[in-house]
Amino acid sequence: MPGALNRLVRMVTFPELASGLAVTFKWFRKPKVTEFYPDARPVLPYRTKGRLHVEIETCISCRMCEKACPEDCIKVYPPPKEVFKTDKRPAQFYISLEHCIHCGMCVDPCPTGSIHHSMEFELATYNKDELLFNKETLPYDLAIKHFRQGLLENVEQKSP
Amino acid sequence: MDWNSPFMLTVGLPLLKIVILLGVVAFCVAYTVWLERRLLGFFQSRVGPNRVGPAGLIQPIADGLKLILKEDIIPTNARPFLFRIAPIFAVVPAFAGFAIVAFAPPAGPRASFLISDANIGILYLLAITSLGVFGIVLGGWASGSKYPLFGSLRSASQMLSYEVPLTFSVLSVILMAGSFRLDDIIQAQGKLPFLVPLILAFGVYVISAVAETNRAPFDLPEAESELVGGFHTEYSGMRFAFYFLAEYANVVLVCCVATSLFLGGYKIPFLPYETLLAAHPWTVSLIGLAVFAVKAVAFLYFYIWIRATFPRYRYDQLLKIGWKVLLPISLLNLLLVAGIKLAMLR
Amino acid sequence: MTDLLRAEGTAPLRKVLETKNMELNFGPQHPATHGVYRAVLTLDGERVVGIESIIGYLHRGIEKWAEYRTYPKATPVFDRLDYVGAILNCHGYVGAVEKLMKVEVPKRAQYIRVILDELQRIANHLLWLGTHALDLGAMTVLFYALREREVIMDLFEAMLGQRLLQNAYPIGGVRLDFPKGWDRACRNFLAEFPKRIDEYETLLSANRIWVQRTRGVGVISGEEAVALGLSGPTLRGSGVYFDVRKAVPYSSYEEFDFEVPLGERGDVYDRYIVRVREMRQSVRIVQQALDGLPEGPLMPEKLSKIIRPPAGEAYFCVEGTKGMLGFYVVSDGTDKPWRLHVRAPSFVNLQGLERMCVGGLVADVVANIGSLDIVLGEVDR
């Protein structure tokens, strides 16, 4: 009988609905989690796979990245044989960000660490053609590379 | 201009009031949408609209502008005449209901804050708000599409079933006040809002009002996860905006009516309004208006709070609650109130 | 009304009031079908008398596609199967290739895989919980769930560099160790998360509206579920004790202490509560794995650069987020798979939908689709 009474009281007093309301009210008072994206820039962790950067100066045209790419979006043209003996830098280097899936599989096999992701993530363009990068237009920032390498060598990272 | 001429008193002044009220209500409705989105955001641990203007305050204007500029599509299968006219059926009753709401104590014989001091105010209100369902049913039917049809059918049965307990709960208020006039009802709550003695009726009223206005957790006619958009799936542009406006105007109206019927309207308990009114009519009137607004917004907040918390009922469960739970409770409540009233009269 | 008339069977009335069933297209552009799933419902009023699933709107030919790629190159595409549980797909494929090559994954890599797998499971269940609740009208839970999922996404981004399609594991092990501070951030999350689950349960499990919407809806018995080949939480909701992690332990799952939550009646509520309890168990597993993380290498020492498994075939399944996620790989000794097949749990679980929906209302269809937790990327492949 007390059980039935208890059930009846619970049925007419809505305790569980009230506790649900209490939960939503709790978060009503708490600070919000929304990120104000264009105004407040996000701080991304250093492993972020953003736009691919290539340091053409250290590239040795081994085409490992080209072979590893699952989407075939990298194309490396090694220099002519006689030049290659002294200067191994590629004659031409294409990356199509139109096809890049940011999987990071080109970064793993690179023997010189020339190709790597950056933390750049706003890749939208008005024109598809702007997504095809060659040797000249390929963005490159040495500071980012050093920053990432420094972090990879176990410098304290910002907690995510 | 002679404000005391019979013409001005019977036609001019009410017309002026109507125009002002329509503007104010439309403004309030637009900002109810803003308030709802903002509060919902807060409940959901986000900030809601915040980009258009400070704190997103220009958002309703931007939304309205967008809807006006959008193409007005009439589907091939629709019945064009009914399709065009249905949103008007929805929006007119929602606005017409405001005619009898007393927002504040009158500041003078010709400066009352209500349009029509009808002695059957409540009956008018009940009648006019139940007309709103025609807009929804017609719109859903005229769309010539299955989802809107479902929405409108659900809406019709839902509104019909909840009309009954709503009316019974309002009846108990009428019994307590002894009058159909909204102003009399507010006057009768001078010492104690009806919320306290009529807590049962208040509960029934809140639940049925939520169902009447098709709001969560009873928002079946427009349950977007089942019926895409419910009765207004096929509407776009300004006609959609009309439905939107009607829904929120109904919400505001229900808040105003609840404030008048149960929360004591513009009255603060034990504050001698009459004596103060005689001394500073305008000040007291405006304070009354503010009190009314605060109460209505508090009720609105509760409305949104409920929407933020609860899942949606299923169609059959909804009708079951209406007929098997709310109706007996409201009848019981009515009997109780009548009995007490009778005993007091003896 | 029609039911009444049928029961009475009064002939003249029946003739006058003969009603026709209505066909309703549910999807592929519908807010509650979780993607481009399309169901053609046959309705008698609001009651469902028939449901026909039409799939294939998201067919990309992933299995065939993989046959034209070398083994490592095929890895990222499997993230696109079940795109909310990408790490587990990756684990399934990589595990199959490892089994084919008979590669022993180092212990530390196994533990790291367990940690990431379980975090992914929590993330998937959170997204499922949010969308399922949204389907039934409880809008706020979605935002709370996404808020918690965001923390996991940040953890993934810090560890793997991506949030959704991480391309988590190379064949043989894992790429990189945890970054500094990751352990602490993860533990913070694990400490906070059970309280958040309590909040969801306050909002849903205890709520009478939620219980009314889900109790006794879409019932499927244990026998039926087994006969239809259902797996994962959908099967366990019917009370069948089957979890790949317990039945065929892989990646050191036998070393962890966790329970397999079971339902009793096999309705929507049970499937819901099983997933919610699974999240709690996942938290336990991650905690144990973080505590007992062994030292050691991340990749096996003798693994050739070019992956060329011996001719043969291998089937490897993991407990995916939706159920038993199996990968069947046939090798002819070259560097590309000769044939590859995915046992997609969403696809198989979808078979149970008809059994669940027929006889219910339209609103129950939404609840049932939600409780199956289908992802169309996996159904259509």
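So that the names make sense, note that chain A is the first sequence line, chain B the second, and so on, each numbered from 1.
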[atom1]/[X]: more than 12 non-hydrogen atoms of other groups inside 6.0 Å:
X	atom1	value
C/Tyr57	OH	yes
C/Phe156	CZ	yes
B/Phe89	CZ	no
C/Arg163	CZ	yes
B/Trp141	CH2	no
B/Phe202	CZ	yes
B/Phe134	CZ	no

Working to the nearest 0.5 angstrom, can you tell me the gap between C/Leu203 CG and B/Thr309 OG1? 6.5 Å

Under the 3.5 angstrom rule, does the side chain of [X] hit a backbone N or O of [Y] as a donor-acceptor pair?
X	Y	value
B/Arg312	C/Ala138	no
C/Gln212	B/Gln317	no
B/Lys146	C/Asn25	no

What are the residues of residues 39-49 of chain B, in order of number, with any heavy atom under 4.5 angstrom from a heavy atom of chain C? B/Leu40, B/Phe43, B/Gln44, B/Ser45, B/Arg46

So what's closer than 4.5 Å to chain B heavy atoms on C/Leu43: side chain, backbone, both or neither? side chain

With a 4.5 angstrom heavy-atom cut-off, which part of C/Val217 approaches chain B: side chain, backbone, both or neither? side chain

Quick one: list whatever passes side-chain contact (heavy atoms from CB on, under 4.5 Å) with C/Asn207, sequence neighbours left out. A/Leu17, B/Phe310, B/Pro311, C/Ile209, C/Trp210

